[in-house]
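First the structure, in the form of structure tokens, and then the observations on it.
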Amino acid sequence: MDTYTMRPDRFDRAGQDQLVDVRDLQAALPGIRRLRNWAHDALGLRLGEHAVDIGSGTGTEVMAFAETVGPNGSAVGVEPDPNLLASAERRAAAAGSTAKFHSGDAYGLPFGADSFDAALCERVFQHLTAPARAASEIARVLRPGGRVVVMDSDWGTAIVHPGDRQVVRDVIDTLLSATTNPYSGRRLPGLLTKAGLVIDEVGSHALVQDRTVGVGSLVTRISAMAVARGVITEQQREHLIDDLEAGAKSGDIHLSVTMFAVLAHKPR
């Protein structure tokens, strides 16, 4: 999972202390990039429009927005972590970008109603204890006719192979319990609809870990959590890791999670 988007700052402060994110699948990078490309195409930003990235991290997507909307438009990022916020501002300044960044979170966007033509929110909802509030905030800041793409993982789709089926099930259950909103991906259309938005399209991509990564940090960490919870033994964990390492060598391994992307708009 991709270490370059490590954003524990996005975690809901009222949520559980988790480190479960798509960032751990290094081989997920191509899949995430394809979904981001789809998001940009779907949003269809034009010169002079105003766009926001909610949970903007180091600002990559905001700078891309800024280039698309041009000098008469605006592109802003909202990010709660001060270190990432400062990093984004430095990167934008070094690149000569017009991208701007504001401190804030998905529950309280620091903008007035009907401010933006387009919005992006990637891998934020899985960390929120009150995702409906975030969906309502997105709807509030969008202008009538404005578009949004919300992207998130659904950890209920996680696949771990090979391994004893019961042990794998217990490890995945541990992963689900360690994530604030683990079924976020499948809930996005309903949340956005309840917020008053209209769903235009739903896309998905299975983020598959390359076998050269081996067991990977996610399974290593979550299986250790499963032992600590007492749902599997240390011996069962060792057998699972041995099975996965053998599978990585033989080519008989599959670790994946599905990410969903939803395009919606605010009625005029």
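Worth saying up front: this structure is predicted, and the values here are computed from it rather than measured.
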- Item | Student check: side-chain heavy atoms of Val148 and Leu142 closer than 4.5 Å | yes
- Task: Would you check if Ile138 and Val150 make a side-chain contact, meaning some heavy-atom pair closer than 4.5 Å?
- Result: yes
- Item | Residue pairs involving residues 37-47 (criterion side-chain hydrogen bond (donor to acceptor under 3.5 Å, both in side chains); sequence neighbours excluded) | His40-Glu61, Arg46-Glu49
- Mind checking salt bridge (charged side-chain N to carboxylate O under 4.0 Å, His left out) for Asp170 and listing every partner two or more places apart, or none if nothing turns up? none
- Item | Residues which pass ring-ring contact (aromatic ring centres under 6.0 Å, His included) with Phe111, listed by chain and number, not counting sequence neighbours | His102, Phe116
- Task: Give, for atom CG of Asp242 and atom CZ of Arg237, the distance between the pair rounded to the nearest 0.5 Å.
- Result: 10.5 Å
- Nearest heavy-atom approach of Leu255 to Gly214 is CD1-O, 4.0 Å
Under 3.5 Å, which donor-acceptor pairs link side chains of residues 188-196 to any protein atom two or more places apart or in another chain?
unit_1, atom_1, unit_2, atom_2, d
Thr193, OG1, Pro189, O, 2.8

- side chain to side chain contact (heavy atoms under 4.5 Å, CB included) between Val76 and Phe65, worked out: CA-CA 8 Å; Val76 299; Phe65 284 164; over 6 Å; no
- Task: Find out whether Val171 and Ile232 are in side-chain contact, i.e. whether some heavy atom of one side chain is under 4.5 Å from a heavy atom of the other.
- Result: yes
- Note on the structure: Looking only at heavy atoms, the pair that brings Val257 and Ser153 closest together is CG2-CB, 4.5 Å
- Could you grab the distance from atom CH2 of Trp155 to atom CG of Leu176, nearest 0.5 Å is fine? 9.5 Å
- Query: Tell me, do Pro144 and Asp114 make a side-chain contact under 4.5 Å, heavy atoms counted?
  - Reply: yes
- Look up atom CD1 in Ile241 and atom OG1 in Thr220, then write down how far apart they are to the nearest 0.5 Å. 5.0 Å
- Task: Would you check, one step at a time, whether the test side chain to side chain contact (heavy atoms under 4.5 Å, CB included) holds for Met151 with Arg123?
- Result: CA-CA 6 Å; Met151 299 165 52; Arg123 285 178 294 166; 5.9 Å; no
- Message: Can you confirm whether Leu35 sits close enough to Met259 that some side-chain heavy atom of one is under 4.5 Å from a side-chain heavy atom of the other?
- Response: yes
- Query: Residues in salt bridge (charged side-chain N to carboxylate O under 4.0 Å, His left out) with Arg143, at least two apart?
  - Reply: Asp117
- Task: Please check if Leu175 and Val167 belong to a single hydrophobic cluster, counting links between Ile, Leu, Val, Met, Phe, Trp and Tyr side chain heavy atoms closer than 4.5 Å.
- Result: yes
Side-chain donor-acceptor contacts of residues 66-73 below 3.5 Å, not counting sequence neighbours, with atom names and distances?
unit_1, atom_1, unit_2, atom_2, d
Thr68, OG1, Ala64, O, 3.1

- Message: Minimum heavy-atom separation for Asp105 and Gly108, please, with both atom names.
- Response: OD1-N, 3.0 Å
- ILVMFWY clustering at 4.5 Å (side-chain atoms), partners of Leu85: Val62, Phe101
- Scanning both residues in full, the closest heavy-atom pair of Ala261 with Val149 reads CB-CG1, 4.5 Å
- Closest heavy-atom pair, Met225 versus Ala178, reported as atoms and distance to 0.1 Å, is CE-CB, 3.4 Å
- Within the side chain of Lys266, is there an N or O that forms a donor-acceptor pair under 3.5 Å with the backbone of Ala139? yes
- Evaluate the side-chain proximity of Leu218 to Arg221: yes if any heavy-atom separation is below 4.5 Å, no if none is. yes
- Hydrophobic cluster membership, Tyr183 vs Ile159, 4.5 Å side-chain cutoff: no
- Query: Looking at residues at least two apart in the chain, or sitting in another chain, which of them share a salt bridge (charged side-chain N to carboxylate O under 4.0 Å, His left out) with Arg186?
  - Reply: Asp154
- Item | Any side-chain donor near an acceptor of the partner, Arg91 and Thr60, under 3.5 Å | yes
- Message: Would the distance check show the side chain of Ser56 and the main-chain N or O of Gly59 forming a donor-acceptor pair, the cut-off being under 3.5 Å?
- Response: no
- Not counting sequence neighbours, which residues clear salt bridge (charged side-chain N to carboxylate O under 4.0 Å, His left out) with Arg187? List them please. none
- Query: Can you name the side-chain hydrogen bond (donor to acceptor under 3.5 Å, both in side chains) partners of Arg140, sequence neighbours left out?
  - Reply: Glu137
- Message: Strictly distance-based, threshold 3.5 Å: is any side-chain N or O of Ser97 a donor or acceptor partner for the main-chain N or O of Ala99?
- Response: yes
- Query: What distance do Asp53 atom CG and Met63 atom CE have between them, rounded to the nearest 0.5 Å?
  - Reply: 11.0 Å
- Item | Closest contact, heavy atoms only, Ala130 versus Tyr107 | N-OH, 3.0 Å
- Message: Does either side chain, that of His265 or that of Asp200, offer a donor lying less than 3.5 Å from an acceptor on the other one?
- Response: yes
- When rounded to the nearest 0.5 Å, the distance separating OG of Ser177 from CD1 of Ile222 is 8.0 Å
May I have the list of side-chain donor-acceptor pairs in residues 243-251 shorter than 3.5 Å, sequence neighbours left out?
unit_1, atom_1, unit_2, atom_2, d
Ser250, OG, Ala246, O, 3.3
Ser250, OG, Gly247, O, 3.3
Ser250, OG, Asp252, N, 3.4

- Message: If you define the side chain from C-beta out and look only at heavy atoms, does anything of Pro162 sit under 4.5 Å from His254?
- Response: no
- By side-chain hydrogen bond (donor to acceptor under 3.5 Å, both in side chains), which residues pair with Thr258, not counting sequence neighbours? none
- Give the C-alpha distance, both sets of side-chain angles, the deciding distance and a yes or no for side chain to side chain contact (heavy atoms under 4.5 Å, CB included) between Gln209 and Ile253. CA-CA 9 Å; Gln209 178 170 295; Ile253 187 171; 5.6 Å; no
- Ignoring hydrogens and angles, state whether a donor on the side chain of Ser74 or His50 is under 3.5 Å from an acceptor on the partner side chain. yes
- Task: May I ask you to check whether Asp152 and Gln126 show a side-chain donor-acceptor distance below 3.5 Å?
- Result: yes
- Task: State the CG-OG distance between Leu84 and Ser103, to the nearest 0.5 angstrom.
- Result: 11.5 Å
- Begin from the C-alpha positions of Val52 and Val78 and carry the test side chain to side chain contact (heavy atoms under 4.5 Å, CB included) through to its verdict. CA-CA 7 Å; Val52 60; Val78 177; 3.9 Å; yes
